[in-house]
Undergrad: 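The structure follows.
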Amino acid sequence: MPMLNGLDREQLLSILQSSEHRLEYLTQNDWALLIDRAKKVTFEKEEMLLKKGKQTKVLYLLVRGRAKIEAEFGVRIAQIGPGQICGEMAFLENGVASATAIAEQEVEACAIDWLTLSDLFELYPHLASRFYRSLAVGLSRRLRRQIMSEPNNK
């Protein structure tokens, strides 16, 4: 994978492995397999990563920058940054994006298409197990934070 604005492979791995909301159950070897098959992509400020209702068949692992996640009518529901994943719900459901993701500043990411992930999971079933567990725990925590931040729960 080409370097992202001067980041070497080890710096990239460090960002993805140390983020607070990372795919926490992946091993260093898992991360290496993923980024070696990923493509470097850059989104300019206000550029769309994902559009609600569309299927892109790509997951994005953010390396630099932040993106806002919007529901209907531009209602902001979340913000993601370095080490976080985007497009995971569509991937899990083999469906369309449930929200729109828009770069709030320049975003650099590793893009991994679904077919590549499926191929990796066939070759490395334990990677698949750790990947899906990481997604499940991440989604559960996100839901819990959302529930706890609702006005009726304070």
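Fair warning: this is a prediction, and the values are worked out from it, not measured in the lab.
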Undergrad: Would you indicate whether the side-chain heavy atoms of Tyr60 and Ile112 approach each other to under 4.5 Å?
TA: no

Undergrad: Membership question, hydrophobic clusters at under 4.5 Å side-chain separation (ILVMFWY): are Leu59 and Leu92 in the same one?
TA: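 Yes, one cluster joins them.
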
Undergrad: Let me confirm one number: the NE2-CG distance from His126 to Leu26, rounded to the nearest 0.5 Å.
TA: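 Nearest 0.5 Å value for the NE2-CG distance: 14.0 Å.
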
Undergrad: Give me the atom names and distance for the closest heavy-atom approach of Thr100 to Lys52.
TA: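 Nearest pair, atom of Thr100 first, then Lys52: OG1-N, 3.0 Å.
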
Undergrad: Do Thr56 and Leu49 come within less than 4.5 Å of each other through their side chains, counting heavy atoms only?
TA: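 Not in contact.
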
Undergrad: Would you sort out whether Leu117 and Leu34 count as a side-chain contact (heavy atoms from CB on, under 4.5 Å), showing the intermediate values?
TA: CA-CA 8 Å; Leu117 272 178; Leu34 291 173; 3.6 Å; yes

Undergrad: If you measure from the Lys or Arg side-chain nitrogens to the Asp or Glu carboxylate oxygens, is any gap between Glu24 and Arg141 under 4.0 Å?
TA: yes

Undergrad: Minimum heavy-atom separation for Val63 to Pro82, with atom names?
TA: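 In terms of heavy atoms, the two residues are closest at O-CB, 3.3 Å.
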
Undergrad: For Lys57, what residues pass the salt bridge (charged side-chain N to carboxylate O under 4.0 Å, His left out) criterion, not counting sequence neighbours?
TA: none

Undergrad: Are Thr116 and Asp113 close enough that a side-chain donor and a side-chain acceptor fall under 3.5 Å?
TA: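 Yes, side-chain donor-acceptor contact under 3.5 Å.
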
Undergrad: Group every Ile, Leu, Val, Met, Phe, Trp and Tyr by side-chain heavy-atom contacts under 4.5 Å, then state whether Trp114 and Leu123 land in the same group.
TA: yes

Undergrad: Find out whether Phe131 and Leu23 are in side-chain contact, i.e. whether some heavy atom of one side chain is under 4.5 Å from a heavy atom of the other.
TA: yes

Undergrad: When you compare the side chain of Leu50 with that of Val58, does any pair of heavy atoms fall below 4.5 Å?
TA: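 They are not in contact (no side-chain heavy atoms under 4.5 Å apart), so the answer is no.
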
Undergrad: Kindly say whether Ala136 contributes a backbone atom to a donor-acceptor pair with the side chain of Ser140 at under 3.5 angstrom?
TA: no

Undergrad: So, for Arg130 and Asp30, which heavy atoms are closest and what is the spacing to 0.1 Å?
TA: NE-OD2, 2.6 Å

Undergrad: Can you find a heavy atom in the side chain of Asn29 that is under 4.5 Å from one in the side chain of Leu127?
TA: no

Undergrad: Could you walk me through whether Glu108 and Val41 satisfy the side-chain contact (heavy atoms from CB on, under 4.5 Å) test, starting with their C-alpha distance in whole Å, then the side-chain angles of each, then the deciding distance to 0.1 Å, before giving a yes or no?
TA: CA-CA 6 Å; Glu108 295 178 6; Val41 293; over 6 Å; no

Undergrad: Does Arg144 CZ have over 12 foreign heavy atoms under 6.0 Å away?
TA: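 Not buried by this count: 12 neighbours or fewer within 6.0 Å.
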
Undergrad: Do you know the tightest heavy-atom contact between Val107 and Arg66?
TA: CG2-O, 3.3 Å

Undergrad: Would you mind reporting whether Glu106 and Thr42 have side-chain heavy atoms less than 4.5 Å apart?
TA: yes

Undergrad: Could you tell me whether a side-chain N or O of Ser14 sits under 3.5 Å from a main-chain N or O of Glu10, the two making a donor and an acceptor?
TA: no

Undergrad: Centroid-to-centroid, Tyr132 to Phe121, below 6.0 Å?
TA: yes

Undergrad: Do Arg133 and Tyr25 form a cation-pi contact, if we require the NZ or CZ to be under 6.0 Å from the six-membered ring centre and within 45 degrees of the ring's axis?
TA: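 Yes, Arg133 lies over the aromatic ring of Tyr25.
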
Undergrad: Quick one: side-chain hydrogen bond (donor to acceptor under 3.5 Å, both in side chains) pairs with a partner in residues 79-92, sequence neighbours left out?
TA: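 Qualifying pairs, neighbours excluded: Gln79-Glu104, Glu88-Arg142.
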
Undergrad: For the residue pair Ala71 and Ile77, what are the closest heavy atoms and their distance?
TA: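 Looks like CB-CG2, 3.9 Å.
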
Undergrad: Contact between Lys68 and Ile102 at the side-chain level, heavy atoms closer than 4.5 Å - yes or no?
TA: yes

Undergrad: Between CG of Leu62 and CZ of Arg64, what distance do you get to the nearest 0.5 Å?
TA: 12.5 Å

Undergrad: Check Ile85 against Leu135 and note the closest heavy-atom contact, atom names and distance.
TA: CD1-CD2, 4.0 Å

Undergrad: With distance as the sole test, does Arg22 use its side chain to make a donor-acceptor pair with the main-chain N or O of Gln17 at under 3.5 Å?
TA: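 Here the side-chain-to-backbone pair exists.
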
Undergrad: Mind checking the CG-OG spacing from Leu139 to Ser134? Nearest 0.5 Å is all I need.
TA: 10.5 Å

Undergrad: Between Leu61 and Cys86, is a side-chain contact (heavy atoms from CB on, under 4.5 Å) present by the stated rule, with each step listed?
TA: CA-CA 7 Å; Leu61 295 165; Cys86 181; over 6 Å; no

